[in-house]
Amino acid sequence: MRALELLAPAKNLECGIAAIDHGADAVYIGAQRFGARASAGNSVEDIAQLCRYAHQFGVKVYVTVNTIIYEDELADTAALLQQLADIHVDAVLVQDMALLTVCPSSLVLHASTQTDNRDAEKVAWLKQQGFQRVVLARETSIKEIRSIHEAVPDVELEAFVHGALCVSYSGLCYASQHCFGRSANRGECAQFCRMKFDLLDADGKMVEQQRYLLSLKDLNLSNQLEELADAGVTSFKIEGRLKGLSYAKNVTAAYSTLLNQLVTRYPDRYQRASRGICRYTFKPDLRKTFNRGYTTYFAGGRQPDIASFDTPKAIGEFVGTVKEIRDRLSFTVAGTASFVNGDGLCFINEQQELVGFRVNRVVGNRLFLPPQKNTPEQKSPLSSLRPGIRLYRNNDQAFELLLSHPSAERKIPVRMMLKTTANGFSLMVEDVEVSMSLEHQRAEKPQRDNIIRQLSKLGGTPYECSEVLLPDDFDYFIPSSQLAELRRLAIAKFSETAQQRIASGVASQSVQPSDVQKNLSLVSSLSSRHSSPTSYARTYFYNIANSRARAFYEQQGLKNAEAAFELHTSPRIAKQKSSNTCALIMQCRHCLRYSLGFCVKNGGRKPQWCEPLQLRLADGRCFPVEFDCRHCQMNIYAESH
């Protein structure tokens with residue numbers, strides 16, 4: 001039987017606890033430094049507190065240490081890793097191979113999606129380096145996942161199932177660094193892909209004007225969980241370490257509910273990876289959480305309509321069409337949705353721009369906007385609203401209000417059995433037993449109801465009593481204070497035993513990191529027996545930013561590799577070095593030829609433009625586009641000077 005893990009993001013301690021309460025089997029969180037979201041850092045003390053809370057339920061805590069590391073940061077990174085080992089985190093996510101040489105051997109390693117994991121060869125190589133789990137590229141299809149699992153069955157595969165999508169293969173995007181001096185490999189992405197572009201052909205002809213051509217919709221594989229599990233996915237990952245509390249609650253609850261349904265359908269095949277039953281005060285609904293519109297991306301192969309060309313912002317759920325505009329401040333909606341004051345609504349106008357507004361007042365299906373000054377600087381949204389326009393809600397006030405309160409409780413059901421001993425009584429919680437010396441005193445009146453009531457008081461613990469078993473002839477009086485003490489001792493012992501079992505189970509199942517972590521000199525002997533790392537045409541793709549990473553790759557057979565892109569570029573405000581002219585800064589499975597309907601290979605129209613094409617920012621910078629049809633990939637290059 002295979003354990004399925006729902007892996008939820010934790011922006012901070014509060015979000016991490018909320019994700020656990022709402023059904024996560026594991027959470028991933030960033031430390032103060034060296035995580036791939038620089039603005040989502042947390043203290044080691046907070047992570048330790050999260051571990052203590054999580055481990056009660058058998059929930060795991062993974063810490064992201066998945067940036068490239070500069071030379072002067074190696075000592076601090078090693079110290080951080082030791083601190084994380086000391087507080088018993090369950091794994092760390094890594095990008096920089098230098099960390100294999102400084103990581104404590106007790107830490108389990110997961111290869112971050114930043115290591116560009118899209119085929120079986122790369123996954124096998126990572127396994128050989130000591131990684132227990134590999135986080136697959138978001139672009140990987142279910143068919144490709146199955147092939148990887150069949151080729152490397154003893155590696156855990158983690159796949160994204162929900163959230164924002166990067167248009168470039170993760171770890172190989174240098175656009176933000178090139179343009180703004182902010183490295184995506186350092187957790188400082190400036191979201192180049194969420195900007196407006198013109199698309200020009202080689203003759204300067206405008207193909208598309210000021211559209212968000214690289215901005216993708218958000219991933220939603222809620223209907224593909226069974227296929228993913230069948231293909232070999234162990235961990236179902238939700239993106240969103242920058243998202244807030246309501247996102248953590250709603251999305252985690254939605255996917256946890258779906259995984260429970262999957263386990264119920266196949267009880268002999270799957271089980272959940274942690275313990276506890278979650279109860280919600282709301283009905284999870286993925287439409288009501290931040291989204292740019294949803295796509296299954298490449299899960300089922302190449303699909304149309306994966307991009308959000310009109311806006312990079314949240315659109316939310318479709319709530320109806322505009323029926324009638326009665327005056328300058330109100331309109332009616334045709335549809336079944338109900339609205340409340342403060343709802344955030346939006347629509348795409350005739351200029352293909354997103355227009356958003358707040359609802360000031362609701363009367364049935366008639367919505368009123370707040371009074372606005374109708375000036376050129378501040379036009380009423382109604383000025384571009386037309387009957388028949390599709391309306392979306394990107395902020396549901398009633399739903400957000402529900403989530404602003406305690407909205408879930410997670411409890412582990414336990415059975416208890418009370419019986420007599422030679423000199424007192426014993427209480428079993430599941431298979432853990434404690435005894436208490438106490439005089440056997442016959443009861444003057446029935447005690448069963450009071451005993452059950454006293455033993456069931458498990459408030460303040462992660463447990464709830466599902467059943468109390470008493471012998472049929474049990475007719476003893478036990479003071480309530482003694483019952484409470486017996487209950488306390490039994491629960492404490494049961495909790496301690498459960499923690500020990502979880503820890504021993506993890507240890508027995510873990511693929512322990514290779515000795516390559518302890519001593520660089522051993523890497524040479526390993527590399528003589530194993531395959532070489534993935535071969536890249538541009539060697540700065542290896543992201544070598546320190547001497548240990550360079551030594552690691554050299555002993556793997558990679559000679560004379562370039563330094564990381566970040567080490568030989570300067571911020572965009574300064575003139576780029578000539579060595580980076582026409583550097584390849586993005587590799588995308590998203591293809592503009594295909595998305596615009598001009599992929600002849602897939603039945604599209606023959607394009608009328610003259611290639612090569614260029615993407616042009618509003619400030620005039622142009623980025624050549626190359627269509628690598630052999631690999632079904634689109635490449636974007638740095639502008640020439």
### Message
Between S176 and R182, do the side chains contain a donor N or O and an acceptor N or O under 3.5 Å apart?
### Response
no
### Query
Would Y280 and D21 count as having a side-chain donor-acceptor pair, cut-off 3.5 Å?
no
### Task
Check whether the side chains of Q95 and N66 place a donor and an acceptor atom closer than 3.5 Å, and report yes or no.
no
### Task
Give a yes-or-no answer on whether the side chains of H22 and S407 include a donor-acceptor pair shorter than 3.5 Å.
yes
### Message
Does any part of the side chain of L262, heavy atoms only, come nearer than 4.5 Å to the side chain of Y270, both counted from C-beta?
### Response
yes
### Message
If only side-chain N and O atoms count, and only distance matters, is there a donor-acceptor pair under 3.5 Å linking R272 with S256?
### Response
yes
#### Entry: Pair Q114-N185, side-chain donor/acceptor within less than 3.5 Å
yes
### Message
Checking E144 against S141: is there a side-chain donor and acceptor pair closer than 3.5 Å?
### Response
yes
### Summary
Test side chain to side chain contact (heavy atoms under 4.5 Å, CB included), reference H162, set T252, L219, L221, V251, output is V251
#### Entry: Validation row: Y62, I29 side chains within 4.5 angstrom (heavy atoms)
no
#### Entry: All side-chain contact (heavy atoms from CB on, under 4.5 Å) counterparts of V333, not counting sequence neighbours
F331, F339, L367, L391
### Task
With sequence neighbours left out, write down each residue that passes salt bridge (Lys or Arg N to Asp or Glu O under 4.0 Å) with K288, or none if nothing qualifies.
E317, D396
### Pair Y174-N543, side-chain donor/acceptor within less than 3.5 Å
yes
### Message
Quiz question: by atom type and distance under 3.5 Å, do the side chains of E5 and S235 form a donor-acceptor pair?
### Response
yes
### Task
Run the salt-bridge test on K283 and D285 with the 4.0 Å N-O cut-off and return the result as yes or no.
no
#### Entry: Nearest atoms (heavy-atom pairs only) where P312 meets R194
CG-O, 3.6 Å
### Query
Looking at residues at least two apart in the chain, or sitting in another chain, which of them share a side-chain hydrogen bond (donor to acceptor under 3.5 Å, both in side chains) with N12?
none
#### Entry: Over-ring placement of R118 relative to Y169, 6.0 Å and 45° cut-offs
yes
